[in-house]
Each structure stands twice: as structure tokens, then as C-alpha cells.
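Both ligands and their constituent atoms are indexed starting at 1 by order of listing. Just so you know, residue 1 is the first one in the sequence shown, and it goes up from there.
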Amino acid sequence: MLLLSVATVLVVLTSSTAVQAQGLEAGVGYADITGPAGEVPMMGYAEASQKTAGIHMRLFARAFAFRDAEGRSAAFVNVDAGMISPMMKLKVIEILKSKLGSTYTEANVLLSATHTHSGPGGYHGYTLYAISTLGYFADTFNTLANGIARSIELAHASLRPTKLQFNSGQLANSGVNRSPTSYLLNPESERARYEHNTDRDMTVVKLVDANSGKPFGMLNWFAVHPTSMNNTNLLISGDNKGWAAQAFERFMDYQAGTNTLPGGQRFVASFANANEGDVSPNTDGPRCMDTGEPCDIATSTCGGKAKHCVASGPGKDMLDSTRIIGLKQFGRAMELFDSAKEELAVDSVSYSHQYVDMSNQQLTVNGRRVRTCPPAMGFSFAAGTTDGPGGFDFTQGDTSGNPFWNLVRGILSKPNQEQINCHSPKPILLNTGYMTFPTDWQPKVIETQLLKIGPLVIVALPGEFTTMSGRRVREAVQKALADNGMTGAKVVLSGVSNLYSSYVTTFEEYQAQRYEAASTIFGPHTLSAYVQQFGKLAAALATNTAVQSEIHPPNNLGSIKGWSFVSPIVYDSVGINRNFGDVVQQPASSYSAGQTVSAKFRTGHPRNNMMLGGTFLLVQKKTENGGWVDICNDACVETRFSWVRTNGVLGRSEAHIEWDIPACAQPGIYRLKHFGWYKPVLIWESPKSFSGTTNEFTVKNSSLRRFLRRTGYTIDVINGKIGGGCLL
Ligand SMILES: *[C@@H]1O[C@H](CO)[C@@H](O)[C@H](O)[C@H]1NC(C)=O
Ligand SMILES: *[C@@H]1O[C@H](CO)[C@@H](O)[C@H](O)[C@H]1NC(C)=O
């Protein structure tokens, strides 16, 4: 106790001097975490047929390091991945420890996933989340762990005196509540305090170099699912969040006169998620794919079946929707960034962190003693959502069960009466809390964390919180901070952080048992337990009291490692008198902006070399003296590298390369290049590199203005030349 008060006095003393000295240092870093681009199941939709086959955009870990005048550090990383897993975070900390000692720990590093559904899987240690990815896959796991650690190292190495400027505002028409009937079950008095059934708040923090006055980074939070790319997409993609981040970085680099391609960015922009649990980017809403009619709203079915009820829009296809929802986030972020004036006085950098057993929390709700339950998933979980319906004929809002699954479930683990009562009214499909083979099916020990950068308090949500759930957590944190003397805090929710534990709905939403409720794994009081826990962490943060963890999550890496069913690459071949890199389909001789150039090459398996930090393609433009300048690579949102198997037995495949010519493209002579590696038929030989080049083609002049108006953003901001080429 004495020690604590001495520490508090020290903080008070240093904070008054720190205000003058501007004690805060910050740094940014990023690393390529694209991972294996061929035949690896993607993580997100749990759709078995959705395996990687190329790249739409590269994925990045974007890190922000902070250090106060006392040398206390913290790091926030926005990761272009579906989720974070505890074993991944532990590995990141282990790597950092070997390089930077004890500067970064589990407690002061916050890893937030964007929750893109188009990244390779294989990094989960809990069985339920590993089933659809065919278990563990080392290439994905290592790429993520090494990349995230590297991004933090780079951010740490670039620490410099920094000023933070804050802004927030609303962004409309970029998401819809996909379980609106559940939302309506929340108390009317509570709903009356909010205008909309999704949070439209966007938060922006601008990082400005205190010496040069130049901005070098941006943190952004906005709640929306990155499911603009649907479950038929096979190209690795950052989805709408990745699109927004790339646009922001390319634009900032262009403005600063550093015309780099994506992957070589200087400015780092993070578009993180928030309470996106029930927020779909498919703003045209769900329709029956077979009839075009609206779905049944309470169950999200068409003729009683979930699989035909799919949400889409606002674009003409999923790439267009990704662009539109990405552009909206980018555009609003840029406005808020440009007008961010409120300076955050950073007195200290600190954190509050604790592992808790969420399967057994006791709490009092409305004067009643209640508890959380060991994990279980309800029947509606298997129905999926309108962003990606499940393959089984389950429907959302099922409270009775299905006899076939009752049987299968019985074989897996039959819930006892206590567990059934605990989860009621959820009918239990998977009694995951009691399923431990080959590893625990779902987590019980949950990491809870708050990071404090001066008045900015970041809440690490350990799963997908619905709109109202997030609001309750934010309010509880705000109140606990204020009650303990920290007024004026800016509390932001950071979604899908540190681990994945499926969804969290409110008690009221839970009663309807739609997908999000069926996936609320610790029972009806899950949210109340989180509200209590985050309130406790906030009080500790405000009073500078250390919180200890009495338990720790298991590191499942050792036990999941042996469960790896992704098929290996045997060999690649092209046949007699043919070469890897041969162009089998040339582009046309001339194009206009707005058209798509395409070419096909003979290629090898993309997993022979993941090309981290490199590229499978280049768009090049001829210079006046006959040389070539790179216009875009495979990270660019306007290019696509698709890997197509043409003959599995003979090991033949093609690379289909496409470039959507932006309206702002400079007229001139262009060509496409493809880079790859093949595995020789003599299987003891190691992979060899090759490249191929198309014929030249012409891009004609076009009218830039018309196109930019259609995007709905001002011509001044996007004047058409972003990052070595142009983007829109
Ligand atoms: C996915 O989007 C494409 C358009 O890009 C569309 O043709 C397809 O029907 C959609 N599929 C699903 C299951 O949403
Ligand atoms: C392209 O078109 C624009 C307007 O349509 C014109 O201003 C510009 O000079 C043209 N550029 C070339 C290289 O022809």
C-alpha cells in the first residue's frame, strides 16, 4: 500500500513536468503478413471450399509504439487478420523478449484484428476455430507471429517526440445491423438514448512528429464487419478495412512526396474495428438469392433455408462493395484527420491487464446472484449469418433444436442439466466447454486489457461485441474512470483483440438466439461479466493500481501442431517446350481507363515462396527513354493475382493477372510482369524462381473528373496520383 502511494505521487509529480516537456514518444512500423496464397483455408466464414488462390491485397501488421517520459511503454497493433489467437500473441511476446528484453509484455501489447474474412487460416489453438482451417498451418502462424513482432520492433525503433491530435465524428451508410430484431429487444429507455442501431462513431488519432510538425501515423476505429468480400472469394484481401488503410497510406505518402508502392509505405494508417458484432457492410441488406425477394426477417431464411438468404451491396459485385465501403471509411477518416485539432495531453502511458476465467464468473445482476457458464454454442451458430450463411439447414432464432444434430452433439459431448440451465434459452449444439480433444474447443481463460495513452483509453474487446454490448462496456469504463478521478477520458473500443471468443450480445439480445446470441459462449450473463471486469480494470487504471492474474491461458501450440491437414506441394510442371512464366494469354493492344487488363502465365504453386515483402506481379509503364517504371504490385487494391490449377496430377497451374485501370492512369505504353517459383519434378531439388512479361499495350487518355465525382469524394483530396500510380 505504501509503495503504491509513493508510485502515485511520482506519477503526479512527473506528469506536471511532462506536460511542458511533451514527454510522449511514439513510433510506427508495419510488416507484410500476407501468408500462403494457395490452397490454405481462409479464416472467417468457416467455409470449407474457401481456400486461398491468389492475392487481391497484401495483408499488413500495423504497429504503433508509445513511451512516456518515465520510459513506460505500450504497443497497439492493428492486424489484417480474421482473429488473434492466444498462442499467436504468446509467440509474438516471446520473439519481442529475445530482441527487446522486457519492454513489451502480454500486458502492454494490444493486438487488434481487423477481422477480414479473406486471410489464410491455421493459427488457432482452440479446436472449434481450427476445424474449418484443417487445423494448424505453420506458414500462416509463423508469418503472422514474426510479422507482428517485426512491426512492433520497427515501431519501437522509430520512437520520436510526438503530439497526438484527436477527432471523432459520424460515418453514415457504411453498415447495417444484421440482427435488427434482436437489437429491438434491448430496453426502450436504453435504445432511446441512441439514434441508430449501429454505432456510427469514427475515432481518429493523428500522430504528429513534435519536431518537424509532420504527421506520420493515424489510428482509426469504426465498427463494421470486413465482409464486403463474400464467402466465394478466394483472393487474400484486407477487405474494406484494408482498402481504407491502403488508400490513406498511399495518399499521405503522395502528399509527402514519397511516391512509394503499397508495401513500401512510410505513413502508417490503421483502420481498426470496434463493436462490429452485428454490423454488416452489405448495406443493400439480405435478399433471397433464388427469388430476389426479401428474406424472413426474424430467421433470415428463404423458404425455411438459411443458405439462400445473403446480404450484399452497395456495389455491383464484391470488389466494388469493398471499394465503396473502404472509400467511405477512408474519406471520412481523411476529413476527421485534416480537422483534428484537439491535442491530447499525455501525462503517462499505462495499462490494466488481467486473465480471467470467464467460464465461472459470479456476479449480481438486478439484485440476483448469477454466473457465467462453461462455453457452449447454440444451434443458430451453425446457420451462420446473412454475410455468410452456414452450410447446414439450420435457421437463426432456433430455440428447439434439430434431431440429427442432437445425435451428433451427443457423441461429442452431452451437456448436463446444470450446463443446459446455465445457457437457457440457448439450445446447446456444441458443448465446447467440455470438449478437449485434441485441444480445448473454446477458450475459458480470457485476456482482458485496457491501454492508456494519456486521456485515450483503448478497450481490448476479446471477441465480437454487438453494438449495444459495446456501448455498455464503453459506458462502464467511462464511469469507473470518472468515479476514480480520471475525468475527460476518451474511451475507444478495439474489436476482436488479443484472442477470439466468438460473440457477446446483451442479455436481452441473447433471448432471441440469432447467430450472435447462439455464439455468445459463456451464457446469458456473458456481457454483464465483461461489464464488471472492464469496470474493475478501469478503476485500477485510474488509481494506478496493479492487477494480478491468478490464472493463465494454456499455450495450445504444442498440442495443435500435430493437427495439420493442409496438403503439401508435390511438384510443378509445364510440359515439353514450355517454360514457367510463358504468357498463355496476352493483353489486348489498347485499353481505356476504367477497363480491366488481363493476362495469363504458366506458373508454379504460390506457396513455393510466399513473396513476403515482394510481389507476384508488376504493372509497369514505359518511360521516355525506353526504361520501365513500376506502377503497381500485387498489394495494390486495383490489381489481382489469381492462381488457377489447370491440372492437379501434372502439377500445372496458371497465374491470371488483372489490373483495373484507374481513371487517373497516365496515358502511355504499359506491360504486366509475373514473378513466381516452381518446385522441380525432381523432388529433392529446391524451388526455383522465374518471371514472365507480357507484350506492351497502350492506355488511352480519359476524363478524370467524371469518375471522381461518382465516388462521392472531393477531387481536391484525391487528385488522382496516389502512391506511384493512382488508386480510384
Ligand atoms: C458473392 O459475390 C458475387 C459478386 O462478386 C456474387 O456473384 C455471388 O453470388 C456472391 N455469393 C454469395 C454467396 O454471397
Ligand atoms: C487527357 O485529357 C485531359 C482532359 O480530358 C486533358 O486535359 C489532358 O491534356 C489529356 N492528356 C493527354 C496526355 O493527352
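Identified under the salt bridge (charged side-chain N to carboxylate O under 4.0 Å, His left out) test for residues 271-287, with sequence neighbours left out: none.
Contacts between Asp317 and ligand 1 below 4.0 angstrom, taking non-hydrogen atoms only, involve backbone and side chain alike.
Between atom 2 (O) of ligand 1 and the options Thr227, Asn230, Asn282, the minimum heavy-atom separation is to Asn230.
At a cut-off of 3.5 Å, with distance as the only test, a side-chain donor of Tyr503 or Glu464 sits close to an acceptor on the other residue.
With Cys302, the cysteine Cys288 has an SG gap short of 2.5 Å.
In this structure, atom 5 (O) of ligand 1 has a protein heavy-atom contact shorter than 4.0 Å.
What sits closest to atom 9 (O) of ligand 1 on the protein, heavy atoms only, is Met289 SD, 4.4 Å.
Looking at residues two or more places apart in sequence or on another chain, you find no side chain to side chain donor-acceptor pair (under 3.5 Å) involving His308.
Residue contact check: Asn231 has heavy atoms under 4.0 Å from atoms 13 (C) of ligand 1.
When atom types are taken as modelled, the side chain of Ser564 and the backbone of Tyr136 share a donor-acceptor pair closer than 3.5 angstrom.
For the pair Met318 and ligand 1, the shortest N or O to N or O distance falls below 3.5 Å.
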